[in-house]
Amino acid sequence: MPELPEVETIVVELNKSIIGKTIAHIEEYRKNTIYADESLDLGKLGAINEISRRGKYIIIATDRNCDLIIHLRMTGKLILADLTDPSAKHTRAIITFADKTKLMFDDVRTFGTIHILNRDNRHEILCRLGCEPLSPDFNYGTLKQLLERRKSSIKSFLLDQRAVAGLGNIYVNEILFACGISPHRAANTITEKEIRLLVTKTRQILKIALEHNGTSISDYRRIDNKTGSFQNFLKIYGKDKCLCGHQVKRTKSSGRSTFHCPKCQKEKEV
DNA sequence: ATTGCTTCCTGAGCGC
DNA sequence: TGCGCTCAGGAAGCAA
């Protein structure tokens with residue numbers, strides 16, 4: 001499940017490997033994978049000159065003012081290859097470069113998308129996203145203001161991309177455990193001290209995960225098909241017992257697995 | 001306005 | 001061996 005550290009890892013690796021390459025053609029192998037502006041000729045998108053990330057979106061920009069905006073959802077992968085891998089059963093699209101190398105978009109569960117559009121329309125995809133947790137905008141003041149009027153749980157707040165962009169289920173579980181806050185707490189009951197802790201721990205966990213090239217629980221792979229290694233450092237997600245030996249409680253909230261330790265994570269503000 | 005449920009999809013893992 | 005069931009999950013879309 002690619003979240004911010006996984007997407008950022010892919011962006012860093014793409015920046016080392018496909019900058020300057022000219023897009024020769026793009027083929028879609030499954031419907032509803034590519035959404036392209038009708039006015040664009042996919043054989044004339046130009047050469048790649050910048051690759052960046054916003055939330056969980058990968059933005060590949062070309063020198064002809066076009067953007068490829070990719071979302072991997074749960075099982076999407078971008079794999080750089082010289083030849084098409086015949087064992088890849090779930091290739092949804094292939095971007096072929098002028099030098100004959102290929103960037104393959106694999107996606108078992110088919111929810112991932114590639115939007116191809118003129119740069120002027122970039123905001124149509126990105127405008128709904130909230131603040132970046134690794135940017136200075138993610139601070140006590142911003143968070144306090146956002147949390148005040150939220151009645152939903154702190155977990156659903158952190159998962160809401162319109163509030164904070166880039167966090168997913170695994171990191172939200174880890175962040176709340178690190179802060180000692182129960183995922184079931186109402187967002188507007190988070191105290192000043194806890195907000196400051198949320199800012200610090202979120203940044204810390206994302207940075208460490210990034211140093212380990214992200215978390216590979218099942219599907220996430222880097223562009224050379226290698227796994228990340230932060231799964232070895234998870235403290236609550238998928239665990240039976242927390243570090244202190246307490247039983248971890250597993251629940252579901254809005255369809256997602258939630259792990260928390262009732263002893264280490266406060267159910268109520270103090 | 002805000003919130004939370006349903007939907008999309010496939011493969012792994014399980015019990016029988 | 002194979003069947004049917006459950007689970008994994010991001011975010012759009014919709015209903016309350």
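In this text, all values refer to a predicted model and were calculated from it rather than measured experimentally. To find a chain, count down the sequence lines: A is the first, B the second, and so on, and within it residues start at 1.
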How close or far is atom [atom2] of [N] from atom [atom1] of [X], stated in whole angstroms?
X        : N      : atom1 : atom2 : answer
A/Glu124 : C/dA11 : CD    : P     : 18 Å
A/Arg54  : C/dG10 : CZ    : P     : 18 Å
A/Phe111 : B/dT6  : CZ    : P     : 16 Å
A/Tyr237 : C/dA8  : OH    : P     : 7 Å
A/Lys252 : B/dT6  : NZ    : P     : 12 Å
A/Phe157 : C/dA11 : CZ    : P     : 15 Å
A/Phe259 : C/dG9  : CZ    : P     : 7 Å
A/Asp106 : B/dC9  : CG    : C1'   : 15 Å

Does OP1 or OP2 of [N] have a side-chain N or O of [X] closer than 4.0 Å?
X        : N      : value
A/His71  : C/dA11 : yes
A/Arg256 : C/dG10 : yes
A/Arg250 : C/dA8  : yes
A/His90  : B/dC9  : no
A/Arg73  : B/dT7  : no
A/Lys89  : B/dT10 : no

Residue [X], side-chain atoms from C-beta onward, closest of [options]:
X        : options               : value
A/Ser156 : B/dG4, C/dG9, B/dT10  : B/dG4
A/Val108 : B/dT3, C/dG10, B/dG11 : B/dG11
A/Thr110 : C/dA12, C/dA11, B/dC9 : B/dC9
A/Tyr57  : C/dA12, B/dC9, C/dG10 : C/dA12
A/Gln161 : C/dA11, C/dG9, B/dG4  : C/dA11
A/Lys151 : C/dA11, C/dG9, B/dT3  : B/dT3
A/Ser152 : B/dC9, B/dT3, C/dA11  : B/dT3

Base, sugar-phosphate alone, or nothing: which one does A/Ser257 contact when heavy atoms must sit under 4.0 Å apart? sugar-phosphate
Heavy-atom closest contact ([X] atom, [Y] atom, distance):
X        : Y        : value
A/Glu28  : A/Thr33  : OE2-N, 3.1 Å
A/Glu132 : A/Ala165 : OE1-O, 4.1 Å
A/Asp37  : A/Asn118 : OD2-N, 3.4 Å

Report the relative orientation of the aromatic rings in A/Tyr35 and A/His115; use parallel for angles under 30°, tilted for 30 to 60°, perpendicular for over 60°.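 Rings of A/Tyr35 and A/His115: parallel, as their planes differ by under 30°.
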Should the ring pair A/His184 and A/His260 be called parallel, tilted or perpendicular, given that the plane angle runs from 0 to 90° and is split at 30 and 60? perpendicular
Answer with yes or no whether the side chains of A/Gln231 and A/Ser216 bring together a donor and an acceptor at under 3.5 Å.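 Absent: no donor and acceptor within the cut-off.
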Toward the 5' end of DNA chain C, which comes first, A/Met74 or A/Ile125, by nearest nucleotide?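 Upstream on the strand: A/Met74.
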